[in-house]
Each structure stands twice: as structure tokens, then as C-alpha cells.
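One-based numbering, in listed order, for ligands and for the atoms of each. Along the sequence shown, residues are numbered consecutively beginning with 1. This structure is a prediction, so every number in the text was calculated from the model and none was measured.
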Amino acid sequence: MADSALAPTAGDRWALFLDIDGTLLEHHKDPTGVVVDDELRDLLANLDRQLDGALALISGRSLASIDTLFQPLRLRAGGLFGIELRLSPDEPAVAAEEPPALATLAERAQAELGHAPNIVIERKGPVLAIHTGPHPDGLEHITRLAKSALPGLPAGYRVVEGNVGVELLPAQALKGDAVHRFMATPPFQGRRPIFIGDDVPDEHAFESVHGLDGISIKVGRPEQATAALHALADVAAVRAWLGDPQFPLLDKLVRREVTAAAQAG
Ligand SMILES: O=P(O)(O)OC[C@H]1O[C@H](O[C@H]2O[C@H](CO)[C@@H](O)[C@H](O)[C@H]2O)[C@H](O)[C@@H](O)[C@@H]1O
Ligand SMILES: [Mg+2]
């Protein structure tokens with residue numbers, strides 16, 4: 001896909017989509033251990049105002065987890081990789097159901113792996129995450145265990161191996177589709193999307209924004225193949241770029257060599 005993104009035209013209006021973990025927040029060995037500081041809340045609240053509400057968090061976290069983290073800030077958001085969509089801030093969060101076969105796997109994973117110090121099992125309705133933390137000991141075994149449940153799950157479920165864990169996702173868990181849903185609604189319509197993410201599931205959103213004349217930005221891991229055309233080094237660089245008074249300063253983005261896209265998760 002040709003990269004038109006760094007060819008801003010006068011009067012460009014932007015829409016901003018942000019991944020959370022590894023993009024806005026440094027990773028922590030426990031998913032519940034991350035904390036959103038007031039500086040980040042203020043940064044996002046200011047961007048939300050500056051963009052007339054065309055800002056959404058697109059995360060593998062559930063909407064409930066996102067709201068707990070960022071409260072009292074309540075932004076537009078796509079939770080569970082887009083399964084849960086809040087297209088306007090005053091919409092109530094509706095939690096998605098956990099399929100029985102996924103509950104069985106979660107209990108088996110807890111029995112087999114729960115004792116390992118680096119393993120955290122996170123049940124998120126139709127998504128199950130088995131976190132390995134930064135030292136993915138036993139990742140192969142965990143992936144095999146997760147794949148063993150696929151025959152018992154609804155068609156379309158897949159196992160995604162991310163940077164720090166394995167997740168079992170249903171077919172509709174695609175961040176790029178969430179971006180398209182937001183872009184088809186006010187106040188996102190007619191704007192150029194920017195997506196910033198760090199992990200395999202964000203690849204699908206990078207591809208989506210390319211088709212919308214947008215900007216794709218991968219955070220960290222320069223050695224990883226990605227469809228993203230631009231890069232920011234780490235969480236601190238993301239927050240500095242977002243906080244620049246002249247946001248979005250496109251020429252401050254590092255161009256990434258176009259590499260084979262990671263498997264869009
Ligand atoms: O799409 P994201 O917003 O990046 O969310 C991806 C997952 O993030 C969380 O798990 C990851 O971060 C945790 C905190 O740093 C870490 O403990 C865990 O090992 C990582 O996998 C969250 O818990 C998941 O539900 C999200 O899918
Ligand atoms: Mg992430």
C-alpha cells in the first residue's frame with residue numbers, strides 16, 4: 001500500500017485510535033498491576049477535546065477493564081479487540097458472554113499452569129488470555145493447550161501469540177474492523193485515521209488505516225515484521241508525540257522499512 005500518510009493536505013482533520021498496553025502503558029507482569037496516572041488522563045482528555053471526540057481506545061482489554069483503568073475518564077472505545085464497541089461516551093458497556101468450551105479451557109489452564117509464577121490467566125467473556133509475562137517460558141505448551149480447545153469452540157476462533165502471552169479470540173475480534181466501525185460514525189467520519197499499537201493484533205488495524213488514507217505507527221520492537229509504516233520507540237515516545245502542542249507532528253515520525261506484515265491477529 002502506497003504511503004500517502006506523510007503527505008498531509010491543508011485542513012486535514014484527524015481521528016486517533018490508540019492501543020493501551022505497550023502503547024500508552026508500560027507492560028507489567030500482572031494485567032491488574034498497571035496504573036493510569038493523571039498526566040495520561042489529562043493528555044487523553046485534551047486530545048479528545050482537540051479532536052472533537054474523534055479519539056477511541058482500541059484494546060484487547062474489556063470495556064469494563066478499560067473504564068476501571070481510566071476512570072473517571074470515559075472515552076469512546078473498542079474492547080476485546082473490537083467485540084465490545086462504545087461508539088459514544090454515554091453508551092452503557094454490555095459485557096459479552098463466555099462460551100462453555102472456553103470456560104472449560106480456562107479451568108484446565110488454571111489447573112495445569114496456575115502454579116507457574118509467570119502465568120496469569122485472564123477470563124474476558126468470549127476471549128481468554130494466558131499471560132506469560134516478559135519471559136515466555138512454556139509458550140509452546142501454552143499455545144498447544146490453547147489450540148486443543150479450538151474444535152470445541154464456535155467456528156472462527158483463533159489462537160494469537162502476542163509479545164507477552166497467548167489469547168484465544170473469536171472471528172469478530174479484529175481491531176481493524178473496529179476502526180472501520182468508528183470511521184463510519186460521527187465524529188470520525190471524514191477524518192484521516194491515525195492508529196498507534198505495539199502488538200500482533202494491531203497489525204489488522206494498521207492495514208485498515210492504510211485503506212483510509214491514514215497513518216500507522218508501531219511502538220517499539222524494530223526487529224518485528226509489521227505492516228506499520230511509521231514507528232515510535234516506546235511508551236514514553238508515544239506520550240511525548242501525543243502531547244506535542246503541534247500534534248500530529250508527522251515529520252517527527254520515524255519511517256519504518258516496509259516489511260512483511262506480521263500475521264494480523
Ligand atoms: O490491545 P492492548 O490494549 O495492548 O491489550 C492487550 C492485552 O493487554 C493486557 O495484557 C498485556 O499487558 C499486561 C499488563 O502489562 C501484561 O500483564 C500481560 O502479560 C500482557 O499480555 C490485558 O491484560 C489483556 O487483556 C489485553 O488483551
Ligand atoms: Mg498493545
Side-chain angles (χ1 to χ4, degrees), residues 16-37 40 44 55-70 75-86 93 95-96 98 102 106 109 113-114 116-139 142-143 146 158-170 173-179 195-206 208 216-221 224 226 228 231-232 234-235 237-239 262 264-265:
L16 180 60
F17 297 96
L18 299 171
D19 169 69
I20 296 174
D21 293 88
T23 295
L24 295 176
L25 297 175
E26 297 290 358
H27 276 301
H28 185 282
K29 65 181 174 47
D30 183 329
T32 58
V34 298
V35 174
V36 173
D37 53 270
L40 177 56
L44 295 175
L55 165 62
L57 302 174
I58 308 290
S59 172
R61 287 181 179 267
S62 66
L63 274 183
S65 168
I66 294 169
D67 288 344
T68 301
L69 267 182
F70 288 89
L75 297 169
R76 288 171 174 84
L80 298 184
F81 305 99
I83 295 172
E84 298 175 333
L85 285 182
R86 178 165 62 225
E98 179 182 57
L102 205 58
L113 305 165
N118 66 316
I119 298 291
V120 174
I121 291 159
E122 186 183 16
R123 298 172 72 161
K124 305 183 277 182
V127 173
L128 175 67
I130 304 177
H131 303 289
T132 59
H135 310 294
D137 305 334
L139 195 55
I142 292 166
T143 303
R158 67 192 189 280
V159 174
V160 175
E161 244 183 62
N163 291 330
V164 281
V166 172
E167 299 215 41
L168 268 147
L169 309 182
L174 288 168
K175 287 197 178 187
D177 290 358
V179 168
F195 189 93
I196 309 179
D198 72 305
D199 207 339
V200 171
D202 302 307
E203 292 296 324
H204 192 260
F206 294 149
S208 288
S216 54
I217 304 170
K218 179 167 170 77
V219 183
R221 297 181 186 260
Q224 273 185 347
T226 179
L232 285 167
D234 51 27
V235 167
V238 169
R239 289 173 66 160

- Query: Do any N/O/S atoms of Asp21 come under 2.8 Å of the Mg ion (ligand 2)?
  - Reply: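 So Asp21 does bind the Mg ion (ligand 2) by this criterion.
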
- Query: Within less than 2.8 Å of the Mg ion (ligand 2), any N, O or S from Asp199?
  - Reply: no

With atoms numbered from 1 as shown, which atoms in ligand 1 lie under 4.0 angstrom from a non-hydrogen atom of [X]?
X	answer
Val34	14 (C), 15 (O)
Lys29	17 (O)
Pro31	13 (C), 14 (C), 17 (O), 23 (O)
Phe81	27 (O)
Ile20	3 (O)

Closest approach of [X] to [Y] (non-hydrogen atoms, all atoms of both residues):
X	Y	answer
Val179	Ala205	CG2-CB, 4.2 Å
Phe206	Ile217	CE2-O, 3.3 Å
Lys218	Asp199	NZ-N, 4.3 Å
Gly78	Leu85	CA-CD2, 3.8 Å
Ile20	Ser59	CD1-CB, 3.6 Å
Gly197	Asp19	CA-CB, 3.6 Å

- Item | Asn118 vs Lys29, side-chain contact (heavy atoms from CB on, under 4.5 Å): CA-CA, chis, key distance, verdict | CA-CA 7 Å; Asn118 66 316; Lys29 65 181 174 47; over 6 Å; no

- Looking only at distances, please establish whether an N/O atom of ligand 1 is found under 3.5 Å from an N/O atom of Thr132.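 In fact, backbone or side chain, Thr132 has no N or O that close.
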
- Any nitrogen or oxygen of Asp21, main chain or side chain, under 3.5 Å from a nitrogen or oxygen of ligand 1?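 Among all N and O atoms of Asp21, at least one is under 3.5 Å from an N or O of ligand 1.
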
At what distance is the nearest protein heavy atom to [atom], and which residue and atom is it?
atom	result
atom 21 (O) of ligand 1	His131 ND1, 2.8 Å
atom 11 (C) of ligand 1	His27 CE1, 3.7 Å
atom 3 (O) of ligand 1	Ser59 OG, 2.7 Å
atom 22 (C) of ligand 1	Glu122 OE1, 3.6 Å
atom 20 (C) of ligand 1	Val164 CG2, 3.2 Å

- Query: Which single N/O/S atom of Asp19 lies at minimum distance from the Mg ion (ligand 2)?
  - Reply: OD2

- Item | Shortest-distance N, O or S atom of Asp198 relative to the Mg ion (ligand 2) |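 The nearest such atom is OD1.
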
- Item | Side chain, backbone, both or neither: Asp30 near ligand 1, heavy atoms under 4.0 Å | backbone

- Where's the contact between Ala129 and ligand 1, heavy-atom distance under 4.0 Å: side chain, backbone, both or neither? neither

Are the side chains of [Y] and [X] in contact, using a 4.5 Å heavy-atom criterion?
X	Y	value
Arg221	Asp198	no
Phe70	Leu75	no
Glu203	Thr226	yes

- Item | Distance (rounded to the nearest 0.5 Å) between Leu168 CG and Leu128 CG | 5.5 Å

- Measure the acute angle between the ring planes of Phe195 and Phe17, then classify it against the limits of 30° and 60° as parallel, tilted or perpendicular.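 Parallel, since the angle between the ring planes stays under 30°.
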
- Test side-chain contact (heavy atoms from CB on, under 4.5 Å) on Leu69 and Leu25 and set out the steps. CA-CA 11 Å; Leu69 267 182; Leu25 297 175; 4.1 Å; yes

- Message: For Asp19, state whether at least one heavy atom is located under 4.0 Å from any atom of ligand 1.
- Response: yes

- Task: Determine whether any heavy atom of Gly165 lies closer than 4.0 Å to an atom of ligand 1.
- Result: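 Per 4.0 Å heavy-atom rule, Gly165 does not contact ligand 1.
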
- Query: Out of Glu26, His28, Lys124, Glu167, who gets a non-hydrogen atom closest to atom 17 (O) of ligand 1?
  - Reply: His28

